[in-house]
Amino acid sequence: MQKRYEPEEIEKKWQDFWEEKDYFSPHPGRKKDTFSMVMPPPNITGVLHMGHALNNTLQDIMARFKRMQGYEVLWVPGIDHAGIATQNVVERDLVKKGLNRKKIGREEFNKRVWEWKEKYGERIFSQLKNLGISCSWEHRSFTMDKKHSKAVREVFIQLYKQGYIYRGNYIINWCPGCQTALSDIEVEYEEKRGKLYYIKYPFKKGKRYLIIATTRPETMLGDTAVAAHPKDERFKNLQGKRLILPLIGRELPLIYDEYVDPEFGTGALKVTPAHDPNDFLIGKRHNLPFINILNPDGTINKEGRIYEGLERFKCRERIVNELKERGYLKKIEDYTYRIGRCYRCKTLVEPYLSPQWFIKMGDLAHQAIKAVKEEKIEFVPSFWKKSYFQWMEDIHDWCISRQIWWGHQIPAWFCQDCEKITVSINEPEECSYCGGKNLKEDEDVLDTWFSSSLWPFSTLGWPGKGKEFKKFYSTSLLCSGWDILFFWVSRMIMMGLKFTGKVPFHKIYIHPLIGDEKGKKMSKSKGNVVDPLALMEKYGTDAFRFSLIALKTDSPYTRFSEERVRGYRNFANKIWNASRFTLMNLQDFQLQKKLKNKKYIELSDRWILSRYSSLTKKISSNLNNLLFSEPAQLLYQFIWGEFCDWYIELVKMRLLNKKGAESRYTAQWTLCQVLKGTLKMLHPFMPFITEEIFQRLPEDKDDKESIMISSWPESEREDEGAEKKMNLLMEIIQEVRTIRSEMKIPPQKEIDLLLKTSDKKNLNILRENNSYIVNLTKTKQLLIGKDITPIKGSVSSLTGNVEIFIPLKDLIDIEKEKKRLKKDREKLNRELFFLEKKVSQPQFLSKAPPELIKEEKEKREALQHKLKKLKQRLEEME
RNA sequence: GCCCAGUUAGCUCAGUGGUUAGAGUACUUGCUUGACAUGCAAGAGGUCGCUGGUUCAAGUCCAGCACUGGGCACCA
């Protein structure tokens, strides 16, 4: 075994081994219970990023943990066809080749997307394999495969037939870049500093005019009215007047609508029903014409007359100029307002009137709220529930149609004869209303999130209700980032309840997104993106995974720092070396079976086994409660701070046979047991290094061929007495080391050490375990007793009720020692002052629990004793 | 505007009403100590954002405020 842990070959080796052995597929376990999860499907365009890494590491920890606990685990991996995102990527690729989508046509385009999918779609799977995740690859799914198409159509048709899905002409968010409708949540809003233009709208008769403020002057091309508040005095006597739209010359009626805010701008509002959601409603109320002025690509259409063909912002510029030239522009003010961008291509979104498909959300949302309120789904951390409720309670109908080519085509046919819609799983032969054969399939496809909302059951074969569906649905747990809480999680809950009658998952674990060191969102444009694959290569996958988990908090962004990964690389190396040490000392371990029944176990053994036992309980309960960073820290602390720093150090002398064969064997057994059990608990976090070492450790009957399928450790060896004894010894050792360091005693120099106490119990502990003290403090001569008189020129200290003396003779610097003791005295005085105050308060004595009072009083006595001894020493030195 | 989260060591973060508020990292000092210098030992470093309240007891619970980050909704 080399001195350093070298992850590369080891990781590859075990990943292949596990897959070959088919450990990732569900196998009936000891518990007969199941544990199931579906992976949030990455986009087929996706390249592994930090978010995937965290998300999948969390799931992998749970999968491995539950598997070791004896559950039958199913973890379904999959990828998402990601409609718009994928279409954009493939389209860009076409442009590079001098082609475009319209040139090659829909069929050819989709053929190319499929080709692209075959080529790159599973790239992310191989990257996930590097991460060591243990999902069931044979269950892999794709949101566009036959299974899912069937589920999608089934859901669509049922929703349509039950009146949840409708089609109509409404204002939706239109992305001129992607040239499709978007749902409300697919628009990202940001503050923008822009201008507010004040435009004169002249009356048809006379020379007067109204001034109207707008941020989007180009939309005036679609104005069909001017509105004022009915109670606004300024406009009261203008009833029935008509205005002329500048530049265009169209006559506009002046109407009155409660919606108008008299306080804003001039109190008069231009109404553009086809390009503003509020104006749309006003238009409906007042039966105004709806004039669409935009082409799908964001250029002005023929309704814009002389401006036809202009790009929308060019048009704005020109209109403003012309208004100015012709005296229609009163003024321009600076104004900050909100603009919406497409979440895929970041193009500014336009409110746009067009025929689209929608799902009525009211009832579905109501059921989904109810299920969470009734705690059928547990949110972790629970505060996310509030966001969930808020969004669900204020939900709008979901625009599900997209004017793109890549996706599930909407199973609807328009009858050219009677203009009615026939919806059907398979292509219908005739119109279901008039029987006409002249049918035209709807060209729109469904929102990507429509198919992903079915994911927890569509992956399990729904609408079929086969064995797997029955066995693994509802799933046990879903892990997701909060960024897709509304896009995905909420919708799965609604669809799951609607179509299976059950919640899609019992628990939802919502993890943070990973920000950079400053806590900012990682993005390509900011250039602060960290590549997980590079980190895995540099520090090893285990260290990388561990850093993701140990860093994780509940706050929405976790700050990621490479420093920490390096720290956990060092931790992996520490484990490696602790194991190396153990293995080097197991030559005669064949005796282990005999040792199992041995009664003789040393204090340090009892101590480490006790610490180990309480660790097993904490780790199990933490993981069951979906706490991840806590167990990670506990394991780190135990392995490094207890097992390595203390146990291994204490056991060295025994392994060198200084205490006889029996003691050596016991040490070997304990080392091996504790190491093995700890590795098992660490396995979900650091799968590779733990497997590598496990394979090298001696087998016993419970451990089969891999740590992955070994049983989760349980241990009942808590021993409070042993812990107390060890604590005393450790304190003394640490105190002696401190003195050595403060007194600048060279590390090589052996000292004499006197330990004085009148407590019989402590005397026994010290005598029985004097070797611990001798070995860890470099002591030559150790004297333990209750009537020891320290030699003059000793340094002293006190822990518990044990007085420590180190004779230094002429080496001692009296002044320095006095200073040290005085500093101790000050500290003691301070502590005692507060403690005495506390213990003497009548309210404390009457209301605090008696146990605590007793403890505090004992503490006070101990402090008083300590102070007395300290004062004695100081007097002696004067 | 409404909502959520956060504010603890230089930095990144733990902290479950009850010892002297912890860890990693960085820093200082000393060490090639028979697993490990990716290491070992010791040390320094804190008005727990502010103000009140509840309590025998508050970093922890409650209220208000400030600041930071985020989400949602908005008037052209």
Polar pair under 3.5 Å, donor/acceptor by atom type, side chain K574(A), base C36(B): yes

Donor-acceptor pair (no angle test) under 3.5 Å: E856(A) side chain, A57(B) base: no

Between [N] and [M], how far apart are the two [atom1] atoms, rounded to whole Å?
{"N": "U20(B)", "M": "A58(B)", "atom1": "P", "result": "13 Å"}
{"N": "G69(B)", "M": "C74(B)", "atom1": "P", "result": "24 Å"}
{"N": "C13(B)", "M": "U32(B)", "atom1": "P", "result": "38 Å"}
{"N": "G18(B)", "M": "A57(B)", "atom1": "P", "result": "14 Å"}
{"N": "G52(B)", "M": "U68(B)", "atom1": "C1'", "result": "23 Å"}
{"N": "C62(B)", "M": "U55(B)", "atom1": "C1'", "result": "12 Å"}
{"N": "G59(B)", "M": "U51(B)", "atom1": "C1'", "result": "16 Å"}
{"N": "U28(B)", "M": "U8(B)", "atom1": "C1'", "result": "23 Å"}

Which of the following nucleotides, [options], is nearest to the side chain of [X]?
{"X": "P747(A)", "options": "G30(B), A73(B), A42(B)", "answer": "G30(B)"}
{"X": "L656(A)", "options": "A35(B), G34(B), A76(B)", "answer": "G34(B)"}
{"X": "R338(A)", "options": "C56(B), A73(B), A37(B)", "answer": "A73(B)"}
{"X": "F383(A)", "options": "C4(B), A35(B), C31(B)", "answer": "C4(B)"}
{"X": "F486(A)", "options": "G18(B), C72(B), A35(B)", "answer": "C72(B)"}
{"X": "E649(A)", "options": "C36(B), A73(B), C56(B)", "answer": "C36(B)"}

So what does [X] hit on the nucleic acid, given a heavy-atom distance under 4.0 Å: a base, only sugar-phosphate, or nothing?
{"X": "R737(A)", "answer": "sugar-phosphate"}
{"X": "S387(A)", "answer": "nothing"}
{"X": "Y539(A)", "answer": "nothing"}
{"X": "Q734(A)", "answer": "sugar-phosphate"}
{"X": "D645(A)", "answer": "sugar-phosphate"}
{"X": "K652(A)", "answer": "base"}
{"X": "R566(A)", "answer": "sugar-phosphate"}
{"X": "P746(A)", "answer": "nothing"}
{"X": "R4(A)", "answer": "base"}
{"X": "W482(A)", "answer": "sugar-phosphate"}
{"X": "Q748(A)", "answer": "sugar-phosphate"}
{"X": "L845(A)", "answer": "nothing"}
{"X": "V271(A)", "answer": "nothing"}
{"X": "Q2(A)", "answer": "nothing"}

Check whether any side-chain nitrogen or oxygen of [X] sits under 4.0 Å from OP1 or OP2 of [N], and answer yes or no.
{"X": "W640(A)", "N": "C40(B)", "answer": "yes"}
{"X": "K859(A)", "N": "U19(B)", "answer": "no"}
{"X": "K386(A)", "N": "C3(B)", "answer": "no"}
{"X": "R216(A)", "N": "A76(B)", "answer": "no"}
{"X": "N570(A)", "N": "G39(B)", "answer": "yes"}
{"X": "T738(A)", "N": "G43(B)", "answer": "yes"}
{"X": "Y335(A)", "N": "A76(B)", "answer": "yes"}

Go ahead and name the base partner of [N]; Watson-Crick or wobble counts if both distances stay under 3.5 Å, otherwise write none.
{"N": "C72(B)", "answer": "G1(B)"}
{"N": "G49(B)", "answer": "C65(B)"}
{"N": "C31(B)", "answer": "G39(B)"}
{"N": "A23(B)", "answer": "U12(B)"}

Other residues, nucleotides and ligands only: do more than 12 of their heavy atoms fall within 6.0 Å of [atom1] on [X]?
{"X": "Q633(A)", "atom1": "CD", "value": "yes"}
{"X": "E190(A)", "atom1": "CD", "value": "yes"}
{"X": "K724(A)", "atom1": "NZ", "value": "no"}

Q637(A) or R569(A), whichever maps to the more 5' nucleotide of RNA chain B: Q637(A)

Contact nearer the 5' end of RNA chain B, comparing Y636(A) with E263(A): Y636(A)

For [X] and [Y], which I'm curious about, is there any donor-acceptor pair between the side chains at under 3.5 Å?
{"X": "Y343(A)", "Y": "E188(A)", "result": "no"}
{"X": "Y539(A)", "Y": "E562(A)", "result": "yes"}
{"X": "Y201(A)", "Y": "D223(A)", "result": "yes"}

Could you state the [atom1]-[atom2] distance from [X] to [N], rounded to the nearest angstrom?
{"X": "E191(A)", "N": "G70(B)", "atom1": "CD", "atom2": "C1'", "answer": "14 Å"}
{"X": "Y189(A)", "N": "C74(B)", "atom1": "OH", "atom2": "C1'", "answer": "10 Å"}
{"X": "L852(A)", "N": "U55(B)", "atom1": "CG", "atom2": "C1'", "answer": "14 Å"}
{"X": "R860(A)", "N": "U19(B)", "atom1": "CZ", "atom2": "C1'", "answer": "15 Å"}
{"X": "R564(A)", "N": "U25(B)", "atom1": "CZ", "atom2": "C1'", "answer": "7 Å"}
{"X": "Y568(A)", "N": "U25(B)", "atom1": "OH", "atom2": "P", "answer": "9 Å"}
{"X": "L485(A)", "N": "C72(B)", "atom1": "CG", "atom2": "P", "answer": "11 Å"}
{"X": "R740(A)", "N": "U33(B)", "atom1": "CZ", "atom2": "P", "answer": "14 Å"}

Distance (rounded to the nearest 0.5 Å) between T738(A) OG1 and E735(A) CD: 5.0 Å

Spacing of R654(A) atom CZ and Q668(A) atom CD [to the nearest 0.5 Å]: 10.0 Å

Residue pair P262(A) / R234(A): nearest heavy atoms and the distance that separates them: O-NH2, 3.1 Å

Shortest non-hydrogen contact between W576(A) and Q2(A), atoms and distance: NE1-O, 2.8 Å

